[in-house]
2 protein chains.
Amino acid sequence: MPKQTFFNLPESKRHHLLEAAEKEFARAPLSEASIANIVKEACIARGSFYQYFEDKEDAYFFLLNQQMKELNMRFISILKENNGDIIDAMIEMYHEFLIVLPDENEHDFFKNALLNVTHKMENSFTSIFEGNHSSEHMKEVTKLINVDCLNISDEKDIIYIIKIVAAVAFRNFVEKYSGALSDEEAINIFKMEMNLLKNGLYKKK
Amino acid sequence: MPKQTFFNLPESKRHHLLEAAEKEFARAPLSEASIANIVKEACIARGSFYQYFEDKEDAYFFLLNQQMKELNMRFISILKENNGDIIDAMIEMYHEFLIVLPDENEHDFFKNALLNVTHKMENSFTSIFEGNHSSEHMKEVTKLINVDCLNISDEKDIIYIIKIVAAVAFRNFVEKYSGALSDEEAINIFKMEMNLLKNGLYKKK
DNA sequence: ATAATAAATGACACAGTGTCACTTGTCAAT
DNA sequence: ATTGACAAGTGACACTGTGTCATTTATTAT
């Protein structure tokens, strides 16, 4: 987590600094991003950066988690619109992410994140479901999911469904960003895979 | 790819060098591994390393792909034993990977790989299915898979099934290595998720 | 024996990180 | 208004690690 000093910063300066960081992380993947570029862009001294953050990763994951928090909120409202159908909601989310994502910087930022995935990042991504990781919030989300049509006997098994859907959605994002897939192709493939998940990979006897 | 010089090396020296590299990559994740440690362990000059490899990544992915080639062969034979049932085969593979993986260094090497995943690595992992990436070899693998029980109309859609199974299996590996799951728990969870994939996440109407 | 080609070497220039002693700013108490 | 105490800001610096290159050493062909 960023240090207290960072949170004491006046709103405008903090915002400016985060923008500079996002720009750098959009330019290059985490390992190639440099603190020098961030402080230059933000017009602060190198030492100041270390007043605010532990290191590069600290700034990076703060930024990533912040973005994810927004996506998480969006996912919740999409889930409501789809009456708790987790797969239909995921399809819509996927669509929205590809088509209506506005900011160029933000786009590149996610692209770099997806193409250079560490475990921490994957955790951050799947937190679309988990909110701020508090199990309290998690419960709230799972409550939204319509469990009647799910193929589980115990309600707590819903976690496995979520994980499966997240894993497959995640991989689709990565493929879309790394390959030469058009948006339309990507979405069609995604829908197909989601349907396979719904109905099962194996034929019903 | 490693340079020609590397392949010209006498077998023993090449082997020694690769062992030194594996040891270093088992000690630390890719970004923290250092060439200095590799050349020290292998007793060669720093410059020599650059005669053999482009850079650190070059050595790393050569090693990773080599390991994956072995796993791929193993998966094919497991698939045969399971009469082309891709999910049962995957369960057995998962089990074997967790339980019968022998070498300590190899174990740590995979652990680091899984916890610090780049897109290239994920590609390398899912190549369990794809062999040496030639579509020729890929066809051979898909031919092994028993397609009769699969929930697809066109045989070429088998690729989506494979990707889904791989994505979910992959995530299970990562979780096992990053979390505090026992082998038994991990395998039980994995089986449960694989069954959900077989039968579908949604109830049959 | 000699030339020519390939391999090996380690000193070095360069780039980036994290630290620290020091300077500057802020604000409450007098 | 002045002082003192604490928070924030600074950039030079030591350190670590990378990739290069001129030079040396080994190997092979003639």
Side-chain angles (χ1 to χ4, degrees), chain A residues 1-64 109 112-113 116 118 120-121, chain B residues 1-64 109 112 116 118 120:
Chain A
M1 272 300 256
K3 301 181 183 170
Q4 188 53 47
T5 320
F6 175 73
F7 295 107
N8 294 343
L9 246 36
E11 162 65 23
S12 74
K13 188 169 184 181
R14 200 170 63 228
H15 185 73
H16 191 222
L17 175 53
L18 284 178
E19 280 211 324
E22 186 180 5
K23 185 174 171 190
E24 175 62 4
F25 291 130
R27 185 194 65 78
L30 178 53
S31 65
E32 281 157 43
S34 95
I35 293 172
N37 282 338
I38 296 176
V39 299
K40 200 159 102 192
E41 177 78 20
C43 299
I44 61 171
R46 178 172 192 80
S48 298
F49 182 90
Y50 287 96
Q51 297 273 24
Y52 307 142
F53 302 105
E54 294 295 334
D55 49 27
K56 204 170 46 166
E57 276 74 24
D58 191 29
Y60 185 80
F61 287 110
F62 176 73
L63 213 47
L64 183 60
F109 177 80
N112 274 333
N116 194 343
T118 68
K120 276 184 190 171
M121 285 194 221
Chain B
M1 271 300 260
K3 300 181 183 170
Q4 188 52 47
T5 319
F6 174 73
F7 296 107
N8 294 343
L9 245 37
E11 163 65 23
S12 74
K13 187 169 185 180
R14 200 170 64 229
H15 185 73
H16 189 61
L17 175 53
L18 284 179
E19 281 211 323
E22 186 180 4
K23 184 174 172 189
E24 176 62 5
F25 291 130
R27 184 193 66 78
L30 179 53
S31 64
E32 283 156 41
S34 96
I35 293 172
N37 283 338
I38 296 175
V39 299
K40 201 158 101 193
E41 177 77 21
C43 298
I44 61 171
R46 177 172 193 80
S48 298
F49 182 91
Y50 287 95
Q51 296 273 29
Y52 307 142
F53 302 105
E54 294 294 335
D55 50 26
K56 204 171 45 167
E57 276 73 25
D58 192 29
Y60 185 78
F61 287 109
F62 177 74
L63 213 45
L64 182 61
F109 177 80
N112 274 333
N116 194 341
T118 69
K120 276 185 191 170

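Each chain gets a letter, A, B and so on, in the order its sequence line appears, and its residues count up from 1.
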### Query
Base, sugar-phosphate, or nothing for B:Ser48, non-hydrogen atoms under 4.0 angstrom?
base
### Message
Expressed as a whole number of angstroms, how long is the span from B:Gln4:CD to C:dA7:P?
### Response
8 Å
### Task
Rounded to the nearest angstrom, tell me the gap between atom CZ in A:Arg46 and atom P in C:dC20.
15 Å
### Query
Between B:Asn8 and C:dA7, does any side-chain N or O lie under 4.0 Å from OP1 or OP2?
yes
### Task
Ignoring backbone atoms, test whether A:Tyr52 places a side-chain nitrogen or oxygen under 4.0 Å from the OP1 or OP2 oxygen of D:dG9.
yes
### d(CD, B:Glu57; P, D:dT18) in whole Å
10 Å
### Integer-rounded Å distance: D:dT18 P and B:Phe53 CZ
14 Å
### Query
Is a side-chain N or O of A:Lys56 found less than 3.5 angstrom from the main chain of A:Ala33, in a donor-acceptor match?
yes
### Phosphate OP1/OP2 of C:dA8: any B:Lys13 side-chain N/O under 4.0 Å
yes
### Task
Give a yes or no answer on whether the side chain of A:Asp58 reaches the backbone of A:Met1 with a donor-acceptor pair at less than 3.5 Å.
yes
### Distance in angstrom units between B:Phe49 CZ and D:dG19 C1', rounded
11 Å
### Task
Kindly assign one of parallel, tilted or perpendicular to the pair A:Phe62 and A:Phe6, based on the angle between their ring planes and the thresholds 30° and 60°.
perpendicular
Which protein N or O atoms sit under 3.5 Å from an N or O of nucleotides 26-30 of chain D?
none

### Query
If only atom types and distance count, is the side chain of B:Asn112 paired as donor or acceptor with the main-chain N or O of B:Phe25 below 3.5 Å?
yes
### Task
Rounded to the nearest angstrom, tell me the gap between atom CG in A:Leu17 and atom C1' in D:dA8.
14 Å
#### Entry: Distance-only donor-acceptor test (3.5 Å): side chain B:Gln51, base C:dA8
yes
### Query
Does A:Glu41 reach the main-chain N or O of A:Glu24 with its side chain, forming a donor-acceptor pair under 3.5 Å?
no
### Message
Are A:Tyr60 and A:Phe109, when compared by the centres of their aromatic rings, separated by less than 6.0 Å?
### Response
yes
## Note on the structure
Residues A:Asn116 and A:Pro29: closest non-hydrogen pair is ND2-CB, 3.4 Å
### Summary
Comparing nearest nucleotides in DNA chain D, the 5'-proximal residue of the pair B:Glu32, A:Pro10 is A:Pro10
### Task
State whether the side chain of B:Lys23 and the backbone N or O of B:Asn37 hold a donor-acceptor pair below 3.5 Å, judged by distance alone.
no
### Summary
note: A:Lys40, atom NZ; C:dG16, atom P; distance rounded to Å ~ 10 Å
### N or O in side chain of B:Ser34 less than 4.0 angstrom from D:dG17 OP1/OP2
no
### Message
Closest approach to the side chain of A:Ile44, judged atom by atom: which nucleotide of C:dT17, C:dA7, D:dT10 is it?
### Response
D:dT10
### Query
Given C:dT17, D:dA8, C:dT9, which nucleotide is nearest the side-chain atoms of A:Ile35?
C:dT17
### Message
Rounded to whole Å, please give me the gap between OH in B:Tyr50 and C1' in C:dC14.
### Response
12 Å
### Task
Could you please name the option among C:dT17, C:dT9, D:dG9 that lies closest to any side-chain atom of A:Lys56?
C:dT17
